[in-house]
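If you're wondering where the values come from, they're calculated on a predicted model, not measured in any experiment.
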Amino acid sequence: MKNSAPRQRLRRHNDGASRDARIDPYQPRTKIAGPARCPDCGAVYRRGLWRWETAPAGSAEHVCPACQRTREAFPAGVVTLSGEFLREHHDEILNLVHNEEKVRKSRHPLQRILATREQEGRLEVTTTDIHIARRLGEALLDAFQGELHVSYSPGEYFVRVSWSR
C-alpha cells in the first residue's frame, strides 16, 4: 500500500550569506601553488583548504587570510552583545563566546575572534569570518535566548550580528 502522505522536502540551510556574490577580499584570487604554511599561525594550505596539520617538507610560506585580517585589524564580522542579562552574566557569556571560537577554529582555521571590546555596557566581538560571527550569535541564542539580528552587508563580505537580552 502506498503512503498517501505528501513527502517533505529536505531544506538546505541558507544563512543568507550566499544570496549575492560576496567575495572575501582576503581570499587569494587564484589558488596557491603547492602546499603552503602560514608563518603566523602555522595553518597549512593544501588542496584548496587551510587546515591544522603538519606542513609537508618544502612548503612555501604564505600568510593565511585570517592572519592578514588580524594584521590589518579589518574584521569580516562584528557581534554586539547588550542588555541587562549581559551585565549579570558577563563571565559566563564571555566563556561561551571563547569556547565557541575554540570549536570553530579547530575545524576551520580561518574562523577566529580578532578582538573583544567593552564599551558603555556593551560587548563587541570582531571576527575574521562572517560564518563564525553568525555562529556566535546562534550559540548565544541557543544558550540564553534573547533577541538575535543578523545583517549581511549587500555586496560585501561583512556581517553585523547583534544579540541582547
Side-chain angles (χ1 to χ4, degrees), residues 7-28 38 40-53 63-165:
R7 284 187 355 194
Q8 287 187 340
R9 296 176 121 178
L10 295 176
R11 289 185 176 177
R12 292 187 65 198
H13 176 71
N14 184 358
D15 62 3
S18 60
R19 286 190 189 134
D20 59 351
R22 286 185 189 88
I23 298 172
D24 184 356
Y26 285 86
Q27 289 290 344
C38 178
D40 294 356
C41 68
V44 175
Y45 180 87
R46 209 169 69 147
R47 295 188 207 134
L49 297 172
W50 288 95
R51 310 162 194 227
W52 297 118
E53 59 184 43
V63 178
C64 74
C67 288
Q68 215 173 353
R69 280 187 180 276
T70 303
R71 284 181 179 182
E72 297 175 14
F74 192 79
V78 175
V79 182
T80 306
L81 316 174
S82 62
E84 188 61 36
F85 189 81
L86 172 65
R87 288 185 268 293
E88 295 169 2
H89 300 274
H90 180 272
D91 293 340
E92 188 178 353
I93 290 171
L94 206 52
N95 284 339
L96 177 100
V97 166
H98 287 294
N99 287 339
E100 186 64 31
E101 182 216 14
K102 190 184 298 182
V103 169
R104 301 301 297 177
K105 185 178 169 183
S106 71
R107 295 179 193 157
H108 307 283
L110 303 183
Q111 295 186 13
R112 306 179 198 163
I113 289 177
L114 281 175
T116 56
R117 284 186 287 270
E118 294 187 45
Q119 52 190 175
E120 301 172 13
R122 294 184 337 196
L123 181 64
E124 185 179 89
V125 180
T126 54
T127 65
T128 59
D129 190 80
I130 60 176
H131 303 292
I132 188 173
R134 178 188 46 80
R135 185 60 194 118
L136 290 174
E138 289 174 353
L140 288 162
L141 188 64
D142 288 346
F144 304 116
Q145 289 75 50
E147 289 187 36
L148 178 67
H149 299 281
V150 180
S151 174
Y152 293 92
S153 295
E156 294 180 30
Y157 194 81
F158 185 80
V159 65
R160 190 170 298 280
V161 177
S162 64
W163 175 86
S164 64
R165 176 172 166 202

Colleague: For the residue pair Leu140 and Ile93, what are the closest heavy atoms and their distance?
Modeller: CD2-CG2, 3.7 Å
Colleague: What residues, two or more places apart in sequence or in another chain, satisfy ring pair (Phe, Tyr, Trp, His ring centres under 6.0 Å) together with His98?
Modeller: none
Colleague: Roughly how far apart are Thr128 OG1 and His108 NE2, rounded to 0.5 Å?
Modeller: 11.5 Å
Colleague: Exactly one of Thr70, Ile113, Leu114 should register a side-chain contact (heavy atoms from CB on, under 4.5 Å) with Pro75. Which one does?
Modeller: Leu114
Colleague: Which value, rounded to the nearest 0.5 Å, describes the distance between Ser162 atom OG and His149 atom NE2?
Modeller: 5.0 Å
Colleague: Taking all non-hydrogen atoms of both residues into account, name the closest pair between Gln27 and Leu110 and its distance.
Modeller: NE2-CD1, 3.5 Å
Colleague: Could you pull out the closest heavy-atom pair between Val63 and Cys38, with the gap in Å?
Modeller: CA-SG, 4.0 Å
Colleague: Using 30° and 60° as the class boundaries, would you call the ring planes of Phe74 and Tyr26 parallel, tilted or perpendicular?
Modeller: tilted
Colleague: Does any non-hydrogen side-chain atom of Arg69 lie less than 4.5 Å from one of Asp24?
Modeller: yes
Colleague: What distance separates His89 NE2 from Glu84 CD, expressed to the nearest 0.5 Å?
Modeller: 9.5 Å
Colleague: So do Pro109 and Glu53 actually touch side chain to side chain, heavy atoms under 4.5 Å?
Modeller: no
Colleague: Side chains of Leu136 and Val161: closer than 4.5 Å at any heavy-atom pair?
Modeller: no
Colleague: Out of curiosity, Arg160 CZ to Tyr152 OH, how far, rounded to the nearest 0.5 Å?
Modeller: 13.5 Å
Colleague: Taking all non-hydrogen atoms of both residues into account, name the closest pair between Asp129 and Thr127 and its distance.
Modeller: O-OG1, 3.0 Å
Colleague: Can you give me the closest heavy-atom contact between Ala133 and Val159, atom names plus distance?
Modeller: CB-CG1, 3.7 Å
Colleague: How close do Leu148 and Glu138 get, counting heavy atoms only, and between which atoms?
Modeller: CD2-N, 4.0 Å
Colleague: Do the side chains of Glu124 and Val78 get nearer than 4.5 Å, heavy atoms only?
Modeller: yes
Colleague: So how far is it from Glu118 CD to Leu81 CG, rounded to the nearest 0.5 Å?
Modeller: 9.5 Å
Colleague: Do the side chain of Arg165 and the main chain of Phe144 share a donor and acceptor less than 3.5 angstrom apart?
Modeller: yes
Colleague: Tell me, with the steps shown, if Arg71 and Asp40 meet side chain to side chain contact (heavy atoms under 4.5 Å, CB included).
Modeller: CA-CA 10 Å; Arg71 284 181 179 182; Asp40 294 356; 3.0 Å; yes
Colleague: For the residue pair Trp163 and Phe85, does the interplanar ring angle fall in the parallel (under 30°), tilted (30 to 60°) or perpendicular (over 60°) class?
Modeller: perpendicular
Colleague: Are the side chains of Cys41 and Cys64 in touch, meaning some heavy atoms are under 4.5 Å apart?
Modeller: yes
Colleague: Counting C-beta onward and ignoring hydrogens, is there a side-chain heavy-atom pair between Arg112 and Cys67 closer than 4.5 Å?
Modeller: yes
Colleague: Look at the side chain of Gln111 and the backbone N and O of Arg104, then say whether any donor-acceptor pair between them is shorter than 3.5 Å.
Modeller: no
Colleague: Find the distance between CD (Glu101) and OG (Ser106) and round it off to the nearest 0.5 Å.
Modeller: 10.0 Å
Colleague: Between Thr126 and Ala115, is there a donor-acceptor pair closer than 3.5 Å when you use the side chain of the first and the backbone of the second?
Modeller: yes
Colleague: Please indicate whether Gln145 has more than 12 foreign heavy atoms, meaning atoms of other residues, nucleotides or ligands, lying under 6.0 Å from its CD.
Modeller: yes
